[in-house]
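Because the structure is predicted, anything quoted here is derived from the model rather than measured. In each ligand, atom 1 is the first atom listed, and ligand 1 is the first ligand listed.
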Amino acid sequence: MAYPYQIRTLDQYHQEYKRSVENPEEFWDEVASNFQWKKKWDKVLNWNFKEPKVEWFINGKLNITENCIDRHLASMGEKPAIIWEPNNPEERVRIVTYNRLHKRVCQVAQMLHNLGVKKGDRVCIYMGMIPELVYAVLGCARIGAIHSVIFGGFSAQSIADRLYDADAEFIITCDGAFRGNKDIPLKSIIDDALIGNRSVKKVIVYTRTRTPVSMLKGRDVWWEDEMEHAEHQVEKDGKVYFPAEEMDAEDPLFILYTSGSTGKPKGVVHSSAGYMVWTNYTFVNTFQYQPGDVHFCTADIGWITGHSYIIYGPLSAGGTSLMFEGIPTWPDAGRFWDIVDRHKVNILYTAPTAIRSLMGFGLDPIKGKDLSSLRILGTVGEPINEEAWHWYDDNIGKNRCPIVDTWWQTETGGVLISNLAGVTPAIPSWASLPLPGVQPILVDENGNEITERDENGIIKGNLCIKAPWPSTIRTTYGDHERCRTNYFSAYENLYFTGDGAMKDEKGNYRITGRVDDVLNVSGHRLGTAEVENAINMHAGVVESAVVGYPHDIKGQGVYAFVIFEHLHSDENLTRQDILQTVTRIIGPIAKPDKIQFVSGLPKTRSGKIMRRILRKIAEGDTSNLGDTTTLLDPGIVEEIKNGRL
Ligand code: PRX
């Protein structure tokens, strides 16, 4: 069998789960021995959640790119590693074989080396969804540089903050990116981000849209020129070679910024070995990947899903990963189905928000599309409502493809709770069972395990994890204390996910959503404080409070209550102005859906905003707002209720 650690039956799942919990070191020792190491580990695991310290495969040495590329070359060199579907369906599809991927990654590594990038340096990558983005990511990993990919929807200001936080000296970008009928001027956004920046030494620019760009002498270089030069260096006697840096198992592989309940996004750091083992293990088991399958994950590589299930999981398993440059609704809402049909996709992994938005177009876009190659469907990013689940099951999977509802987070590196396709039962809107090695626990406000069941046999509580899995977050870049306070201090000796969950008598989990001040808008995480900070930057805004509300397509929408000084007659124009400011400070993804101007906010006498009340109003549930007598000005609630949008 291609993957000796692939679980194929329900009984086997239960056995493996038990073994992983009773003897984790032996369990992961076995799994990890299926990879290519430069030196074997001395010990499998060291940990305490107090500091926190989590170390896996101690003193093991490896390079993840040898596991994702080199080890497949002998048997699969001419097999497709990446199938790239361009934004414009008229443009040529690119099929990148493992041999070609190897060559390009070696070239990028050489190019980075030529430009002075060394092991441990932070390289910021701000590119569209093109194969060169994968080469850039893996090129960094090959020389041991830490990549920090930033999603194309973030503004110059957000990039500037991330560059500063990571003290990045190098950037890889494109002139522009195609997204539907738009061209996003990536290099120009980078130029804005670099105003006043003193750390960045080199910016490498790949030509995608051929938009005119400014190229600063001494700092900016063209990817094409540098790669051509590197090509001559890595190719000798018809062979391609660039040595893969020896990395310690615990050396950081990448930083990925994500929003939390505080104002500033934090740089989640993942390790080299633990992350590799986990993304591979979860890819092979959750999706039941079989050699030759075409796996289409529709996420952007700017998010963790793209890191783990477009790049590292599939490639480390020698798989074929389909990546897509565009958006699901352009040139029409049949885009995904057209891709599935043309490329004979076997596994489709997407987000509930995409499913809901495509549902809105009815069944016409599916007509005439052959979806019979599909074997497995997946969802990620937010709870999936039953209606969307059934639509996906009926119309896309034709009731013959298991749907995996995968729950996980940027911090967890890979899937923690999910059914295994066709192996463990799928229950609509339930993520279901933990993967081997994952020990969830539901606790109350004080961190005590909840064991009491309601009349339906359900336990409800805050979702924590009791012990580390190989790709546990290692730290938040440059600020370990922040990692501790965010994830390991709410409850002693537990990793706190920030999510609420339910558990049934069979041990299945249903994730109910965030219990902290984090919103999940179209599967993207946004901190309410982060959006408030951006709104408050707008001239004239006195104060604001942001909450989420149920949104048919996005899952959650952003509702902002704003106190504005001297509101002039055209409120709508002021709203547009505020949206512009939010777009500048964070990016278009954080724009509030609704902005209600108010004369005050419901505050306690100590000055704390009572978000519970605002949330209820935003949700349209004003029948029972709870006790408002402790408010400084109870009258304000009536005003806000009446002005609800
Ligand atoms: O609230 C959970 C939700 O998304 C959060 C993590 O967001 P992020 O780090 O951006 O990663 C998204 C992709 C892994 C979680 O705390 N979430 C993710 N997957 C699910 C989910 N909620 C319910 N069901 C899921 N399958």
Is a side-chain donor-acceptor pair under 3.5 Å present for Tyr487 with Glu411?
yes
Does a donor on one side chain sit under 3.5 Å from an acceptor on the other, for Thr298 and Thr350?
yes
Thr258-ligand 1 polar pair, N/O distance under 3.5 Å:
no
As an exercise, identify every atom of ligand 1 less than 4.0 angstrom from a heavy atom of Val380.
13 (C), 14 (C)
Please could you name the atoms of ligand 1 that Trp408 approaches to less than 4.0 Å, counting only its heavy atoms?
6 (C), 14 (C), 15 (C), 18 (C), 19 (N)
Could you tell me which atoms of ligand 1, counted from 1 in the order shown, lie closer than 4.0 angstrom to a heavy atom of Asn520?
3 (C), 4 (O)
Run down the list Gly260, Ala299, Gly381, Gly513 and name the one with the heavy atom closest to atom 17 (N) of ligand 1.
Gly381
Heavy atom of the protein closest to atom 23 (C) of ligand 1 (residue, atom name, distance)
Pro383 N, 3.1 Å
Do the non-hydrogen side-chain atoms of Thr476 and Val269 ever get within less than 4.5 Å of each other?
no
for atom 7 (O) of ligand 1, nearest protein heavy atom and its distance come out as Arg525 CD, 3.0 Å
Provide, to 0.1 Å, the distance between atom 13 (C) of ligand 1 and the closest protein heavy atom, together with that atom's residue and name.
Thr305 OG1, 3.4 Å
Within 45° cone and under 6.0 Å: Arg162 NZ/CZ vs Phe154 ring
yes
Within 4.0 Å of some non-hydrogen atom of Ile511, the atoms of ligand 1 are 22 (N), 23 (C)
Between Glu532 and Ser544: side-chain donor-acceptor atoms closer than 3.5 Å
no
Relative to ligand 1, is Gln409 under 4.0 angstrom through side chain, backbone, both or neither, heavy atoms considered?
both
Distance to 0.1 Å, residue and atom name: give those for the protein heavy atom nearest to atom 2 (C) of ligand 1.
Asp499 OD2, 3.1 Å
Is the distance between the ring centroids of Phe296 and Phe336 under 6.0 Å?
yes
Decide if the gap between the ring center of Phe49 and the ring center of Tyr495 is smaller than 6.0 angstrom.
no
Mark yes or no: Lys266 above the aromatic ring of Tyr257, with NZ or CZ under 6.0 Å from the six-membered ring centre and no more than 45 degrees from the axis.
no
